[in-house]
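FYI, the numbering just counts along the sequence from 1. Remember, it's 1-based here, ligands and their atoms both numbered in the order they're listed.
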Amino acid sequence: MEINGTLMWYYKICKREVWLMSRNIVPDQKDTNIDIGRFIHETVYSRKKKEIEFGNVKFDVILNAKDELVIGETKKTSKFQEASQMQLLYYLRELKKAGINAKGVLLYPEERKRVEVELTEENILTLEKAEDEIILIIDSEVSPPVTKNKYCRSCGYREYCYA
Ligand code: SF4
């Protein structure tokens, strides 16, 4: 399974989710709380936004300042901010690999909040560490155990984990 921004997001939410996704175990699609649908495909600033596909990466261009590309994502809630930051950092790193320097921004219109995300050397190391761990999780024969956390309530796998 190819590592991508979505998997980075899951990695910050729950290691078990990463493993389940890698096994193509589909989360409960009827679950209206399903996280990935809710938090990754939201579009609010539709007039300003353009979606760009770049390799296995898909992101929104929020604005194109003078000589700086700014990519961003609009989210409903900042509850998952750490995961969203990781996802955006992954996109920024992929752009950097292609020689494109960009900055990121997370937008939370309902909370009137905006969070700048910048790719630093430290962040690149964090991403690399996460990638190594994701590979270990995916390669494992057994899933990480159910670890009750604050995301379980809105997780599409909760029936599976707590049946
Ligand atoms: S229900 Fe909880 S433990 Fe199970 S995959 Fe979802 S977040 Fe992880």
Measure the CD-CD1 distance between Gln87 and Ile13 for me, rounded to the nearest 0.5 Å.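 Gln87 atom CD to Ile13 atom CD1 measures 10.0 Å (nearest 0.5 Å).
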Under 3.5 Å, side chain of Asn123 to main-chain N/O of Glu118, donor-acceptor pair present?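 Yes, Asn123 side chain to Glu118 backbone: donor-acceptor pair under 3.5 Å.
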Is any NZ, NE, NH1 or NH2 atom of the basic residue among Lys129 and Glu131 found under 4.0 Å from an Asp or Glu carboxylate oxygen of the other?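 Between Glu131 and Lys129 there is no salt bridge, as every charged N stays at least 4.0 Å from the carboxylate O atoms.
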Just jot down the side-chain contact (heavy atoms from CB on, under 4.5 Å) partners of Val115, sequence neighbours excluded, or say none.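 Testing Val115 for side-chain contact (heavy atoms from CB on, under 4.5 Å), a comparison that skips the adjacent residues, returns Gln81, Gln85, Leu106, Tyr108, Lys113.
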Using the benzene-type ring in the case of Trp, are the ring centres of Trp9 and Tyr90 under 6.0 Å apart?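 Ring centres of Tyr90 and Trp9 not closer than 6.0 Å.
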Have a look around atom 4 (Fe) of ligand 1 and list protein N/O/S atoms under 2.8 Å, or say none.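 Within the sphere that stays under 2.8 Å of atom 4 (Fe) of ligand 1, the protein atoms of type N, O or S are Cys161 SG.
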What part of Ile13, side chain, backbone, both or neither, has a heavy atom within less than 4.0 angstrom of ligand 1?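 None of Ile13 does.
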Do Tyr11 and Glu133 get their side chains close enough for a donor-acceptor pair, meaning under 3.5 Å?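 Distance-only check passes for Tyr11 and Glu133.
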